[in-house]
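This structure is a prediction, so every number in the text was calculated from the model and none was measured. In the text below, chain A, chain B and the rest are named by the order of the sequence lines, each starting its count at 1.
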2 protein chains.
Amino acid sequence: MQDEDLAGVMRALGHPVRLSIMRMLAAQRQNPCCCTDVTQSLPLAQSTVSQHIKVLLDAGLIERQARGTRNCYTLRIERLAAVNQACGGLFSGLCKPTATPHLANELA
Amino acid sequence: MQDEDLAGVMRALGHPVRLSIMRMLAAQRQNPCCCTDVTQSLPLAQSTVSQHIKVLLDAGLIERQARGTRNCYTLRIERLAAVNQACGGLFSGLCKPTATPHLANELA
DNA sequence: GCACTATATCGGTGTTCGACGATTAAAGAG
DNA sequence: CTCTTTAATCGTCGAACACCGATATAGTGC
């Protein structure tokens, strides 16, 4: 995963409202939430929530499924797993005691 | 770790240049980098690099140590470990098959 | 076709970001 | 004390963000 992509995902997750939305979608995995559901649990206008959802969509973290008259959103688990791995790699790389470039390579 | 704090850290890390700076500081842990060192390895003005460093400082991810006429920066490892843990918790919470609120609590 | 619901998008506003050059501040060297 | 180095800060500018209300779009049911 490229730094550019990882940074983009981090920025997408770098807002408390969007973290809340992600957690809510995770909690309601069985019967996915639509935009109205999310809006009703947040003190924000519908248009604002829709924009936050778009940010998460653009970052590839969630996906939309048209379901009748409403759009349901679900987490993209494989993508999240990849991000998780990239984050783990980042932090372990940062925290490793002697992370000189060539050593970093052999451990990557 | 609160969502607000986690989101702040994510946003701080949500820029390719800042990821580069973090990796560079990790690689040069033995003899810490100063602002000039970082500037010389990036195609950016000194003031711009200084501002990126300030963002990382404000997020608590790095710390400054005055060393003679220059300021050296080092990673705050304990903090990074906490962030790593929070990220791991976030992603595992998101990816868990049935992450209802009370179950999420008992696993946190 | 018409009303209704759900939601994406548009336009506007105020704030923050990312970048720069220029200036200031502070420590060392002479 | 002055000169140099280092780096933080200031002022500016355009772009992006966060929020809102209002408008458009699209599917459902009649």
Side-chain angles (χ1 to χ4, degrees), chain A residues 2-25 28 31-75, chain B residues 3-25 28 31-76:
Chain A
Q2 294 301 102
D3 262 16
E4 192 87 14
D5 191 16
L6 179 57
V9 170
M10 295 275 221
R11 195 168 43 221
L13 291 176
H15 193 291
V17 165
R18 290 196 286 266
L19 283 182
S20 296
I21 295 175
M22 291 295 284
R23 288 197 216 272
M24 175 180 239
L25 295 187
Q28 303 291 327
N31 58 333
C33 299
C34 65
C35 181
T36 305
D37 296 333
V38 177
T39 301
Q40 280 170 353
S41 77
L42 291 172
L44 292 172
Q46 176 266 322
S47 57
T48 303
V49 171
S50 186
Q51 279 191 142
H52 280 299
I53 287 176
K54 183 168 167 44
V55 172
L56 295 173
L57 274 173
D58 289 347
L61 294 172
I62 63 177
E63 63 190 352
R64 169 159 46 206
Q65 311 166 21
R67 194 164 184 76
T69 174
R70 64 185 59 181
N71 286 341
C72 294
Y73 296 95
T74 52
L75 302 182
Chain B
D3 261 16
E4 191 88 14
D5 191 15
L6 179 57
V9 170
M10 294 276 221
R11 196 168 43 223
L13 291 177
H15 193 292
V17 165
R18 291 195 285 267
L19 283 182
S20 297
I21 295 176
M22 292 295 284
R23 289 197 216 273
M24 175 180 237
L25 296 186
Q28 304 291 327
N31 58 333
C33 299
C34 64
C35 181
T36 305
D37 296 333
V38 177
T39 302
Q40 280 171 352
S41 77
L42 290 172
L44 292 172
Q46 176 265 324
S47 57
T48 305
V49 172
S50 187
Q51 278 191 141
H52 280 299
I53 288 176
K54 183 169 166 44
V55 172
L56 295 172
L57 274 173
D58 289 346
L61 295 172
I62 64 177
E63 61 190 352
R64 170 161 40 207
Q65 312 166 20
R67 193 164 185 74
T69 174
R70 63 186 59 182
N71 286 339
C72 294
Y73 296 96
T74 53
L75 301 183
R76 292 189 53 194

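The two residues A:Y73 and A:C35 make their nearest non-hydrogen contact at CE1-N, 4.2 Å. The two residues A:G14 and B:M10 have their closest heavy-atom pair at CA-CB, 3.7 Å.
If you check every strand for non-hydrogen atoms under 4.0 Å, A:R11 touches nothing. Across all strands shown, B:S50 has heavy atoms under 4.0 Å from base atoms, whether or not it also approaches the sugar-phosphate. A:I53 comes within 4.0 angstrom of no nucleic acid atom, judged by non-hydrogen atoms across all strands.
The distance from atom CG of B:D37 to atom P of D:dT6 is 9 Å, rounded to the nearest whole Å. If you measure from atom CG of B:N71 to atom C1' of D:dA7, you get 7 Å, rounded to the nearest angstrom. Taking atom NZ of A:K54 as the reference point, atom P of D:dC20 lies 19 Å away to the nearest angstrom. Distance CG (A:L13) to P (D:dC17): 14 Å, rounded to an integer number of Å.
The salt bridge (charged side-chain N to carboxylate O under 4.0 Å, His left out) pairs that include a residue from residues 4-18 of chain A are A:D5-A:R79, where partners are two or more places apart or lie in different chains. Evaluation of the salt bridge (charged side-chain N to carboxylate O under 4.0 Å, His left out) test over residues 37-61 of chain A, restricted to residues two or more places apart or in two chains, returns A:K54-A:D58.
Side chains of B:I21 and B:L42 form a contact here, defined as non-hydrogen atoms less than 4.5 Å apart.
A:L44 pairs with exactly one of A:V38, A:T39, A:V17 by the side-chain contact (heavy atoms from CB on, under 4.5 Å) rule, that one being A:V17.
Rounding to the nearest 0.5 Å places CG of B:L61 at 6.0 Å from CG of B:L56.
With a cutoff of under 4.0 Å to any heavy atom of chain A, the contacted region of DNA chain C is bounded 5' to 3' by C:dT5 to C:dT9.
For B:T36, the side chain to side chain contact (heavy atoms under 4.5 Å, CB included) test picks out B:C34, B:Q40, with sequence neighbours left out. In this structure A:Q46 satisfies the side-chain hydrogen bond (donor to acceptor under 3.5 Å, both in side chains) test with no other residue, sequence neighbours excluded.
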What's touching nucleotides 21-28 of chain D from the protein side, N or O pairs under 3.5 Å?
residue : atom : partner : partner atom : Å
D:dG21  : N7   : A:S47   : OG           : 3.3
D:dG21  : O6   : A:S47   : OG           : 3.1

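In terms of phosphate contacts, A:R18 brings a side-chain nitrogen or oxygen within less than 4.0 Å of OP1 or OP2 of D:dA18.
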